[in-house]
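Structure, as structure tokens:
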Amino acid sequence: MVQLTPVQLAWLQEIGMDRRQLQPYARRAEDVSAAAPAVSAQGPQARRASAEGLRPAAELLAGQSAAAGAARPDPASGAARPPAAAPAARKLAKAPAGVGSSGPLPLDWQALQDHVAACEACSLHTGRSQTVFGSGATEAVDWMIIGEAPGDRDDRLGQPFQGKAGELLGAMLRAAGVGPETPVFYTNLIKCRPRGNRTPKPEEIAACRPYLQRQIAMLKPRRILALGWLAAQALLSESSDLEQLRGQVHWLQAEDGQRIPVVATYHPASLLSRTRHKANAWRDLNLARSV
Ligand code: SF4
């Protein structure tokens, strides 16, 4: 049986894994409780966890999570491959004619960001303090993490995933071995905050879609993690609910034809109130990591 270090156990506890589930994998049962209080999201333990690497834990749980239809590594090359009966890669649906941003978009990253900052293609521009284009690595992007819409804090700071939901997401990623050194880009389906944190309307998502589409084509991420039912449905052009979409690998065809694996999971904001989903979110994260 795989043995987990106290630091690994502490991270898994921090993201909500049940202590009783972890105990069989502890070197000593008391390691679980001994390690937990020492962990801080930003502290030296976090960096140590990253430095030690958490692959054994991830592999252990990824093995439990592989759902029917999920991509599995090619035993010969170790590379991810789509399942034999994988559906064709989905294209990110285009905005209907006359809706949202139109005309050619810039091919330069900064120019695209400037273009979005000046966008008035949907009514959300009237309620924003600033656009939230996204943040993180733009070279050799390993993970592209796509949420739904900026919140109030994101709107104020101009950065996605601020606040407690972002802290939880960071803790989960670090627990899965996605540390500060990993090239990750964070963004949302739409770039302006809907007032009152309401759910974005279909026409707003459609209007903003070309920007996300261009971001994906320019970044060419190795994998995409879609957070929340809205991001999952919009990215995959599916109307199925999140429970049907998560737990498997989907394939998205970018503007340039590149096939990108997509895993859908819960939005960290929903995990804050529905902690029972954290174990499934952890499995999804490890599934994404395995492709
Ligand atoms: Fe433009 Fe997107 Fe903001 Fe709407 S949400 S105004 S399409 S940047």
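Values in this document were obtained by computation on a predicted structure and should not be read as measured data. When a ligand or atom number is given, it counts from 1 through the structure's own listing order. Side-chain atoms are counted along with the backbone in the values below, which use heavy atoms only and exclude waters and symmetry mates.
Within the 4.0 Å heavy-atom criterion, neither part of Glu204 lies near ligand 1.
Shown in contact with Arg128 at under 4.0 Å from a heavy atom are these atoms of ligand 1, numbered in order with element: 3 (Fe), 6 (S). Atoms of ligand 1 lying under 4.0 Å from at least one heavy atom of Cys119, given by number and element, are 1 (Fe), 6 (S), 7 (S), 8 (S). For ligand 1, the atoms sitting less than 4.0 Å from at least one non-hydrogen atom of His125 are 6 (S), numbered in the order shown with element in parentheses. For ligand 1 and Ala207, the ligand atoms under 4.0 Å from any heavy atom of the residue are 7 (S).
Proximity of a side-chain donor or acceptor of Ser240 to a complementary backbone N or O of Leu245 within less than 3.5 Å is not detected. Checked by atom type and distance alone, the side chain of Glu120 never pairs as donor or acceptor with a backbone atom of His125 at under 3.5 Å.
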Working for salt bridge (Lys or Arg N to Asp or Glu O under 4.0 Å), residues Arg193 and Asp154: CA-CA 8 Å; Arg193 169 201 57 170; Asp154 306 353; over 6 Å; no
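Leu105 places a side-chain heavy atom less than 4.5 Å from the side chain of Pro210.
Taking the ring centroids of Trp109 and Tyr211, they lie at or beyond the 6.0 Å cut-off.
A side-chain donor-acceptor contact under 3.5 Å links Glu243 and Tyr266.
Atom 3 (Fe) of ligand 1 lies at 2.8 Å or more from every N, O or S atom belonging to Cys208. For a distance bound of 2.8 Å, the N, O or S atoms of Cys122 include one lying that close to atom 4 (Fe) of ligand 1.
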